[in-house]
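Proteins come first, then strands; the chains are lettered A, B, ... in the order of their sequence lines, and each starts at number 1.
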Amino acid sequence: MSQATHNNEARRPGMRALAIAGRVLFPPLSIFGFWYLAVAFLGLPDFVIPRPGAVLSVLINENHFILENLWPTLQAAALGYLLANVVGIALAVIVTSVPFLNQLLMPAAITLRNVPYVALATVLALAIGDTMLSKVLILTIAGFFPVMVNTVRGIQSVDSVVLDRMRILDVSPWRVFWQVRLPYSLPFIMAAQEIVGSASISIAIAAEWMLSSSGLGYVINRAMSQYRGDEVYAVALLAALISYVVYLLIQYASRKLDWLGKTRPTK
Amino acid sequence: MSQATHNNEARRPGMRALAIAGRVLFPPLSIFGFWYLAVAFLGLPDFVIPRPGAVLSVLINENHFILENLWPTLQAAALGYLLANVVGIALAVIVTSVPFLNQLLMPAAITLRNVPYVALATVLALAIGDTMLSKVLILTIAGFFPVMVNTVRGIQSVDSVVLDRMRILDVSPWRVFWQVRLPYSLPFIMAAQEIVGSASISIAIAAEWMLSSSGLGYVINRAMSQYRGDEVYAVALLAALISYVVYLLIQYASRKLDWLGKTRPTK
Amino acid sequence: MSETDLSIGAGQFVALVGPSGCGKTTLLRLTADLDQPSTGQVAIGDMPPSAARKQRRLGLVSQRPAVLPWKRAIDDVRFTQVCTGKSGLSAEDLLRDFGLAQHEKKLPHHLSGGMLQRVNFASAIAHDPDVLLMDEPFSALDEMKREELGLWLGKVLAERPKTVLFVTHHVDEAVLLADRVLVFSASPGRIVADIPVTTPRPRTAAFRTHPEFVELTNQVRGLLFGKQEAHA
Amino acid sequence: MSETDLSIGAGQFVALVGPSGCGKTTLLRLTADLDQPSTGQVAIGDMPPSAARKQRRLGLVSQRPAVLPWKRAIDDVRFTQVCTGKSGLSAEDLLRDFGLAQHEKKLPHHLSGGMLQRVNFASAIAHDPDVLLMDEPFSALDEMKREELGLWLGKVLAERPKTVLFVTHHVDEAVLLADRVLVFSASPGRIVADIPVTTPRPRTAAFRTHPEFVELTNQVRGLLFGKQEAHA
Amino acid sequence: QPKLEEVKVALFWLRNGEVSSLMVADAKGYFAEQGLKVTLVDGGPGRNPVPVVGAGQADFGVAPGSEVVRARLAPAPVDVVAIGSMEQVMPLAYIKLGNPGDPDPTPKDLEGKTVGIQAPGKFFLESMLKRNNIDPSKVKTSIVLGTPEPLMVGKVDYFAGFLTNQTYQIEQEALKPNAPPAVKGKTWKAIPFYKYGLAMPTNVVFATNKTLKERPETVRKFMRALAMGMKFDHENTAEAIKLVDAYPAQLERADKLAWRAKIQHPLEVNSGTQANGLLWTDPKVWTEMMDFYKEAGEINRVVPASEVMTNAFNAGIKLAK
Ligand SMILES: Nc1ncnc2c1ncn2[C@@H]1O[C@H](COP(=O)(O)OP(=O)(O)OP(=O)(O)O)[C@@H](O)[C@H]1O
Ligand SMILES: Nc1ncnc2c1ncn2[C@@H]1O[C@H](COP(=O)(O)OP(=O)(O)OP(=O)(O)O)[C@@H](O)[C@H]1O
Ligand SMILES: [Mg+2]
Ligand SMILES: [Mg+2]
């Protein structure tokens with residue numbers, strides 16, 4: 001009895017099949033459903049909001065140029081995402097362990113984040129040029145803040161009784177960080193991953209749009225100047241799909257990593 | 001003894017004075033310090049990165065046009081911030097209480113967030129025009145996601161033993177949400193506020209830059225076409241200052257609201 | 001835990017004793033409609049647990065305190081009343097009776113372990129439920145407080161009869177308070193004895209010297225600890 | 001709590017009894033260098049608490065379990081050893097001795113209340129500390145487990161002498177195990193008596209019938225509960 | 001007083017001296033004389049006038065001719081037609097820093113040099129080089145943003161910019177006492193694209209076919225007033241500058257407007273406008289432009305010039321000279 005009783009997740013097989021069907025069918029239903037609603041509701045001509053059919057046909061038949069430019073964007077997004085995490089978590093650690101650095105770093109961090117992107121792009125383009133690094137820096141600047149803020153909260157959420165245990169045992173701050181604070185922060189850090197991870201493609205695209213001649217951002221730039229709304233939205237759709245996959249991967253990783261999930265009651 | 005023992009925050013008066021001095025002096029030190037560092041390190045002439053002196057002089061002597069355009073930006077930022085919260089929290093509630101809606105809404109939410117801003121701006125400019133609503137919608141689309149993701153995590157972080165208590169008492173889901181789940185989520189929700197709140201000014205500016213003829217974004221647009229880098233950075237500095245103030249206000253509110261802070265050990 | 005049928009008569013006080021980890025809390029959760037039994041059935045009076053719960057007739061003193069971290073003691077107790085819409089027992093009186101008059105404005109993390117347990121107890125019964133499910137409610141209390149609260153409970157039950165399921169590790173307490181003592185075995189956890197206590201409630205501390213008390217406590221200890229000699 | 005000086009001799013077993021909320025946990029935290037006393041002084045052997053802590057000679061069994069929610073029982077016990085770099089007692093042996101051999105792979109929220117308390121105990125002493133600070137370590141256990149663990153502790157202390165500060169609500173347990181029983185009064189919490197137990201340790205269950213035991217338990221109960229007659 | 005017909009004009013960018021003719025026509029009351037009340041709608045990064053006019057939210061638009069061509073020939077075409085051009089050539093040029101006395105450079109001078117271009121501009125450079133029999137592989141390119149900083153900090157030798165735009169900033173920076181060494185005492189020298197490449201109408205006025213069909217009189221009146229504005233701007237430049245300077249929300253001050261007029265006025269007229277009237281636009285140039293974009297792969301078909309432009313609404317107003 002004790003198994004069944006404590007396992008609230010037991011599902012009937014019918015429910016399972018439905019769940020799988022939902023997982024496969026719901027995303028397209030969701031995306032195209034809302035798209036058609038927008039088209040119908042806004043009443044704009046199709047050179048402004050192209051119809052899903054035209055966009056899909058671009059993705060299927062004219063994808064060469066898009067796919068060619070997918071790789072640099074993915075690279076920039078992945079590197080920027082990584083760096084945003086490194087910087088964000090490092091800052092969180094610094095700021096929580098040396099409180100006065102909080103007041104010293106935070107205003108600069110917020111200012112950096114508030115330099116208008118166009119001004120930032122100008123500076124980066126001149127200082128570094130149209131390179132991977134420029135894009136990665138823009139992504140870092142756009143992404144480190146949510147990671148930092150959430151990690152700080154996470155670090156502060158550690159159960160005080162466990163910290164007492166660490167103090168009694170005179171455990172090094174380093175180990176406490178890696179083995180206690182970081183795992184305790186995971187629910188917060190994983191939330192930041194969902195936020196930053198699923199946005200990194202579209203930020204990479206925005207960065208490319210401003211300062212690069214490769215990548216999906218450039219494709220959009222070119223497509224807009226050619227009045228190829230269908231191509232613009234094809235890129236947007238592709239970006240959304242990738243972001244959704246990233247989001248699902250992060251959710252999967254959360255479920256694996258996140259101890260909170262294991263103590264969580266299912267309803 | 002018990003007071004002193006349990007009050008780890010007791011500070012010597014010297015420390016207190018230092019803390020206040022730090023709070024006042026550190027922000028400018030931080031901002032201008034890093035600014036000069038950037039100037040020195042990048043070695044770019046002042047028409048690329050204007051010097052703080054020139055920028056401050058714009059803020060002090062030529063602030064008329066800037067201040068005139070501050071109000072619409074603040075309005076848009078405040079409304080957008082509010083709406084992002086309403087939408088984000090509502091979606092979090094929907095998604096956690098009716099799991100299958102998760103799969104139905106999430107892909108659309110992520111797609112919406114990934115429509116390139118230029119395409120979005122074009123659509124909004126045509127559908128709604130250069131109005132407050134367009135800006136507010138851009139802010140909402142940019143901001144609802146962090147609020148939603150963090151709130152979902154927060155809702156899931158509720159102690160199961162308290163949920164059992166609510167179940168035993170057959171408390172309505174509505175009350176459980178307002179009186180249990182929401183307060184439990186506060187550490188997560190306040191983190192989202194720090195993320196979204198302090199970004200809303202700069203997103204409002206970006207929105208105005210693209211589609212409005214009023215507000216700080218318009219000032220930047222105009223300043224750029226007049227090669228007034230100093231004015232661009234004056235706006236950026238003003239935006240950063242406002243964002244920092246918003247950030248401090250949110251931190252203050254967190255300390256007032258957040259029960260986690262009260263259980264948190266100080267180090 | 002193997003199949004268990006449990007039915008508790010209305011107004012009965014049932015004590016549950018058994019070694020740590022045998023399934024007492026699990027059985028209590030079934031009775032509280034927090035988990036569903038895979039086999040077997042649980043009945044309170046003649047109701048299934050879900051019906052009792054839906055009628056807001058249950059009160060649960062959980063083993064780990066279920067207080068809200070941001071509510072002061074008195075507000076947490078009142079929260080139960082607000083949630084159920086039943087004013088039941090006065091929150092101030094409860095905390096005063098429990099020796100917490102000075103501490104009613106404290107937040108949970110400013111309370112000692114035993115104080116917290118008492119607040120948890122007060123919060124669980126503040127709506128004056130008909131069915132009271134208690135999971136080691138006095139484990140963090142000193143002997144005097146434990147005795148006091150036991151007597152207090154006896155008095156309340158005399159005034160307002162309730163159906164009670166009471167998990168404890170104190171054999172004496174079980175026999176002193178209950179109409180029926182259920183003895184659990186360790187793995188596989190199941191009910192090995194269902195011992196009625198015939199002396200009518202409420203009983204006083206004097207019952208400790210009554211032959212039935214001595215006999216029953218010895219019998220229960222024998223069941224729990226095997227051949228071994230019983231000790232205080 | 002008013003000014004208190006406490007000094008515990010090396011190798012001494014000091015028990016601390018007193019009503020709930022009187023400051024036992026607070027005193028233990030001072031001894032553990034978790035809080036600083038505003039007045040008064042605490043010494044373990046001839047060391048201040050901070051020195052003992054820095055030398056990793058402390059072990060603390062906290063009142064609320066301090067296990068890591070994501071670690072299985074055995075890993076949590078080993079974590080103490082990894083952190084201190086002291087292999088101390090074997091983690092498997094500890095859990096087996098505590099009756100948790102079957103449950104060593106379970107996560108904390110899959111353990112019953114009493115099991116969790118035993119894991120917490122095992123984790124606190126796994127590095128074999130010289131100074132053992134215990135805050136109601138057996139409160140969630142049944143009488144048999146409590147007795148077993150008490151005897152186990154006696155055996156370990158005989159083999160590897162330790163300085164012990166032991167908070168409990170069980171007067172019997174205090175007298176049975178300790179060299180010195182400190183009795184706390186309720187507010188203002190302060191030490192009202194410091195009662196030596198002269199019979200040498202380790203003692204067996206037979207000590208319960210020894211005149212010193214009976215006398216001392218009565219004396220302590222008298223101090224705790226005033227004129228009132230003592231009860232089991 | 002008769003009620004004026006409201007007419008909206010969507011601009012490509014914020015209002016500045018580039019569209020001075022519009023503002024002069026308004027300020028002088030020429031539109032009102034024709035029974036029109038004109039409202040200018042600023043453009044910007046997210047506000048392209050082509051879809052704005054295409055979606056019917058403005059009656060007229062001002063944009064580079066290339067935009068009209070590309071929009072008209074896109075797979076989901078925008079129904080816009082050019083009805084005149086305020087600038088007969090695109091002022092794109094490859095600009096370098098030089099001493100005031102230096103001769104103007106020619107495409108040949110680009111050999112072995114680095115040219116800073118914007119991402120979509122590579123085709124322009126290559127096309128111009130080919131037209132002048134220069135091997136494009138001999139010219140290095142570097143992608144930059146639309147501001148002249150890379151030229152002024154010496155990152156590139158030439159910079160693809162507009163004669164009416166970035167050159168001003170170069171002049172301004174060169175005057176400053178703390179000007180960077182690369183700029184100090186220098187001035188700009190340019191290889192204009194219209195001279196060695198193609199003439200492309202730039203400040204093109206356009207409307208939808210629907211408007212042309214349903215409200216031809218309005219279009220005619222609009223074009224007449226605009227041409228009168230341009231005529232005044234050219235013939236009474238000093239006074240026009242004052243009017244534009246005072247025009248609401250106009251970005252440029254008198255000195256800048258005067259500077260601009262010197263450079264821009266010659267680009268606004270040619271033999272065609274002398275013969276047929278201001279704003280007149282040459283169908284041949286449009287055909288060349290379509291061929292150019294077809295070759296660049298920016299459009300996938302070429303149509304008769306009459307499908308993308310018309311002079312049917314030209315008022316025939318000419319400069320006095
Ligand atoms: N949430 C859970 N998921 C899986 N197993 C559980 C869970 N809670 C308890 N168990 C297991 O069920 C068994 C019975 O646990 P239960 O909590 O009912 O014991 P108990 O009799 O209340 O013990 P104690 O006196 O120590 O509180 C134990 O073996 C325990 O490991
Ligand atoms: N973190 C804290 N902040 C402020 N006051 C506290 C804190 N912890 C305990 N107290 C107060 O200090 C007093 C002593 O608490 P302590 O936890 O030491 O009691 P105790 O003797 O351990 O009681 P118990 O047997 O119930 O655990 C209580 O009045 C309590 O309210
Ligand atoms: Mg239990
Ligand atoms: Mg305590």
Query - Considering all heavy atoms, the nearest A:Leu44-B:Ala127 contact - result: CD1-CB, 3.8 Å

Query raised in the report: Parallel, tilted or perpendicular for B:Phe145 and A:Tyr247, by the 30°/60° rule?
Result: perpendicular

Query raised in the report: Between B:Tyr233 and chain A, which part of the residue has a heavy atom less than 4.5 Å away: side chain, backbone, both or neither?
Result: side chain

Requested in this report: Check B:Ala108 against A:Ile31 and note the closest heavy-atom contact, atom names and distance.
Outcome: N-CG1, 4.3 Å

Report summary line: Note: vs chain A, highest number of non-hydrogen pairs under 4.5 angstrom among B:Ile220, B:Val123, B:Val115 is B:Val123

Report summary line: Counting heavy-atom pairs under 4.5 Å with chain A, the top scorer among B:Gly154, B:Pro116, B:Pro107, B:Ala236 is B:Pro107

**Report entry** Distance, nearest 0.5 Å, that separates CG of A:Leu241 from OG1 of B:Thr111
**Finding:** 7.0 Å

**Report entry** Residue, of A:Leu42, A:Leu105, A:Ile203, A:Asn102, that accumulates the most heavy atom pairs under 4.5 Å with chain B
**Finding:** A:Leu105

Requested in this report: Could you tell me which portion of B:Ala199 (side chain, backbone, both or neither) has an atom closer than 4.5 angstrom to a non-hydrogen atom of chain A?
Outcome: both

Query raised in the report: Checking A:Met148 against chain B: side chain, backbone, both or neither under 4.5 Å from a heavy atom?
Result: neither

Report task. Could you grab the distance from atom OG of A:Ser198 to atom CE of B:Met106, nearest 0.5 Å is fine? Result -> 7.5 Å

Query - Heavy-atom proximity to chain A below 4.5 Å, by part of B:Leu126 - result: both

Report summary line: Separation between CG (B:Leu112) and CH2 (A:Trp35), nearest 0.5 Å, reads 12.0 Å

**Report entry** Exercise: do B:Arg113 and A:Ser243 side chains pair donor with acceptor under 3.5 Å
**Finding:** no

Query - Separation between CG of A:Asn150 and CZ of B:Arg153, rounded to the nearest 0.5 Å - result: 9.5 Å

Query - Contacting region of B:Leu248 [heavy-atom separation from chain A under 4.5 Å] - result: neither

Report summary line: When rounded to the nearest 0.5 Å, the distance separating CD1 of B:Ile110 from CD1 of A:Ile242 is 12.5 Å

Query raised in the report: Quick one: what part of B:Ala206 sits under 4.5 Å from any heavy atom of chain A, side chain, backbone, both or neither?
Result: neither

Report summary line: Distance col, row B:Leu104:CG vs A:Phe34:CZ, nearest 0.5 angstrom, shows 6.5 Å

